[in-house]
Amino acid sequence: MSKLTLSPAWEALTAHRKKIAATGIAELFAADPSRAGRFSIEAGELVLDYSKHRVDAEAMRLLAGLAVQAQLPRWIARMFAGDTINSTEARAVLHVALRSGEATFPESGDVMPAVRGALESMRRFVGEVHGGVLKGADGRAITDIVSIGIGGSDLGPRMLVRAMRKFRKSGLGLHFVSNIDPADLDAALVALTPGTTLFIVASKTFTTAETLANAARARAWLEAGLGKSNALSRHFVAVTANAAGAQAFGVPPERVLPMWDWVGGRYSVWSAVGLPVALAAGMNAFEELLEGARAMDAHFRNEPLERNMPVVLALLEIWYVNFFGAQTRAVIPYSEDLRDLPAYLQQLEMESNGKRVDRDGNEVDYATAPVVWGASGTPSQHSFHQLLHQGTHFIPVDFIVIGRNGESSTGQGALVANALAQGAALAFGNPAPGAPHKALPGNRPSSTLLLQRLTPRALGALIALHEHKVFVEGVIWNLNSFDQWGVEHGKNLARTLLPRLLEGGDTAGLDASTRALFARLRKRD
Ligand code: F6P
């Protein structure tokens, strides 16, 4: 047994779970009709209502005790101090510096000159593109941006460009390509003109197979349209910590924007990886996004654990994953603009905490990150909500609701009404006496995260909220949330398989299943 599952805080929660399991959400409300007020937290532009959860004040107190036992305040201080908390890669974890308003930060080694320099380069670059100053090889202004990247170098900007589409400042076309499947790039290029297209190649390492393959195909497309010339380099900008790699590919040094080893890929949208966001919505909107995240950072550092939004979200997840056996959590934004949020959170949460050994390399004897999934409501209601309401799985839900969208409209009202109806139906069910197939059992928990408006500031806070939630969970589960070794092996394997597949090479040494699949593929050639 691990120290965690043998700890007094864990044992107290195990005992309390038995009591709560015998009490329904409806009973909790009957016993305390004002719980909606007490079980909610405001932080800047966000409101979290967690009253429809299977918790009482004692559960929240005991869960906070788990965080104290894990020395959460000390870990928060360590992250903000720039300590090397990503131990397996010997790196600090300083995405918070990217949105810090401090003159110097952190105390252990100021990174702010580099951060400010990158923001200035972004502002200059965005100004040149918006002003039509930046010209392609044939002298025409840029009209379309194709962002090439994958994982953390794609999901954040992709999600935010969509989420901020009402704030569009330019008529630029923004396109995202991540898949090594050539169909992805081909589809993006089909309506584009080489002379007016700019490629952003975003890759922290500048070694990622998908990104390099797409960048090479993009260059071939430019060459086919514009002819081979040094001027083609005008069609590329890179965002990377590997400046030498980008230059070797042919991006001029002044077109390479920085990344640093103290920013994890999935935490990097605040850096120049967010360039597509700034190009779409303008640099001021990008800075507002940073301000929103900064406000959430201050909330996270300063609020007591039981009033701390990221901490409370993390504690609720731990409550369900470790004490109720939940294996998944659904994220359902009632907003088409936020349609890509579940995909973004999948990487953030599952790549960070999808781990089975703790910081010391010991196998854990408790569950860690759940499977995160979801889709935009209301279409989701006509897809998987049946299972949420009447299925056999226990699935806590996060509803994300925007109060107003532009001018108040009936359409937005219908969206909000649907979101609230789903949360109420999950919690309180519908008895339907004598008709078991119609009955909804209720007692199914959900959070409602309310954003009054979908502003850049609110979005910044929403994303930072989830980053910190993931960190808190990692601290309690005793994981390093900032490495991703599980992904490496598959990448290496693909690298060894590709030449054998293309050149019909030797299959000796491969496992029997892969050998058999190779044989089938060859037979069909
Ligand atoms: O999927 C593994 C991963 O390393 C992610 O963590 C990262 O966001 C992605 O690949 C892309 O990496 P890079 O930015 O170096 O191309």
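Start at 1 and go down the list; that is how both ligands and their atoms are numbered. We're numbering straight along the sequence, starting at 1. For clarity, every value in this text was computed on a predicted model and none was experimentally measured.
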S.K.: Could you tell me whether a side-chain N or O of Thr368 sits under 3.5 Å from a main-chain N or O of Lys355, the two making a donor and an acceptor?
M.R.: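 Pair found, side chain donor or acceptor close to backbone of Lys355.
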S.K.: Measuring from the heavy atoms of Met259, does anything fall under 4.0 Å of ligand 1?
M.R.: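 In this structure, Met259 fails to qualify as a contact of ligand 1 - no heavy atom is under 4.0 Å.
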S.K.: At a non-hydrogen distance cut-off of under 4.0 Å, which region of Thr205 contacts ligand 1 (side chain, backbone, both, or neither)?
M.R.: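 Both backbone and side chain.
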S.K.: For the ring pair Phe199 and His235, is the centre-to-centre distance below 6.0 Å?
M.R.: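 That pair fails the under 6.0 Å test.
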S.K.: Taking only heavy atoms of Ile150 into account, list the atoms of ligand 1 that are under 4.0 Å away from them.
M.R.: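 So the atoms of ligand 1 that pass are 9 (C), 11 (C).
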S.K.: Would you say the rings of Trp270 and Phe286 are close, in the sense that their centroids are separated by under 6.0 Å?
M.R.: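 Distance test on ring centres: not under 6.0 Å, no.
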S.K.: Can you report which non-hydrogen protein atom sits closest to atom 5 (C) of ligand 1, along with the distance?
M.R.: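 The closest heavy atom on the protein side is Glu351 OE1, 3.4 Å.
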S.K.: When you measure from atom 14 (O) of ligand 1 to every protein heavy atom, which one gives the shortest distance, and what is it?
M.R.: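 Residue, atom and distance for the closest contact: Ser153 OG, 2.7 Å.
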S.K.: Quick one: pull up CG in Asp360 and CG in Asn480 and give me the separation to the nearest 0.5 Å.
M.R.: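 Result: 11.0 Å between the selected atoms.
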S.K.: Between Tyr267 and Phe482, what is the ring plane arrangement, given parallel below 30°, perpendicular above 60°, and tilted in between?
M.R.: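 Plane angle between 30° and 60°, so tilted.
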S.K.: Determine, for Arg91 against Asp483, whether the closest basic-nitrogen to carboxylate-oxygen distance falls under 4.0 angstrom.
M.R.: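 Between Asp483 and Arg91 there is no salt bridge, as every charged N stays at least 4.0 Å from the carboxylate O atoms.
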S.K.: Mind checking whether Glu488 has an N or O less than 3.5 Å away from an N or O of ligand 1?
M.R.: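 Not met; the criterion fails.
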S.K.: Near Thr208, which atoms of ligand 1 are under 4.0 Å from a heavy atom of that residue?
M.R.: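 Contacts of ligand 1 toward Thr208, numbered from 1: 12 (O), 13 (P), 15 (O), 16 (O).
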S.K.: Just by modelled atom types, is the Pro379 backbone N or O under 3.5 Å from a matching donor or acceptor in the Ser383 side chain?
M.R.: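 Not confirmed, Ser383 side chain does not pair with Pro379 backbone.
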S.K.: Can any side-chain N or O of Asn308 pair as donor or acceptor with the backbone N or O of Glu303 at less than 3.5 Å?
M.R.: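 Yes, Asn308 side chain to Glu303 backbone: donor-acceptor pair under 3.5 Å.
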S.K.: Considering non-hydrogen atoms of the protein only, which is the closest contact for atom 10 (O) of ligand 1, and what is the distance?
M.R.: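 For atom 10 (O) of ligand 1, the nearest protein heavy atom comes out as Lys491 NZ, 3.9 Å.
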S.K.: What's the verdict on side-chain contact (heavy atoms from CB on, under 4.5 Å) for Leu134 and Phe125, showing C-alpha distance, side-chain angles and the deciding distance?
M.R.: CA-CA 8 Å; Leu134 198 114; Phe125 187 77; 3.7 Å; yes
S.K.: Please check whether Lys204 reaches ligand 1 - meaning an N/O of the residue sits under 3.5 Å from an N/O of the ligand, judged on distance alone.
M.R.: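 Yes; the residue has a nitrogen or oxygen that sits under 3.5 Å from a nitrogen or oxygen of the ligand.
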S.K.: Within the structure, does Gly152 bring an N/O atom to less than 3.5 angstrom of an N/O atom in ligand 1?
M.R.: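 Yes - when backbone and side-chain N and O of Gly152 are compared with those of ligand 1, one distance drops under 3.5 Å.
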S.K.: Check Gln484 against ligand 1 and report side chain, backbone, both or neither, counting heavy atoms closer than 4.0 Å.
M.R.: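 Looking at Gln484 and ligand 1, just side chain atoms fall under 4.0 Å.
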S.K.: What atoms in ligand 1 come closer than 4.0 Å to a heavy atom of Ser203?
M.R.: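 Answer, ordered by atom number: 13 (P), 14 (O), 15 (O), 16 (O).
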S.K.: Using non-hydrogen atoms of the residue, decide whether Gln347 is closer than 4.0 angstrom to ligand 1.
M.R.: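 Within the 4.0 Å threshold, so yes.
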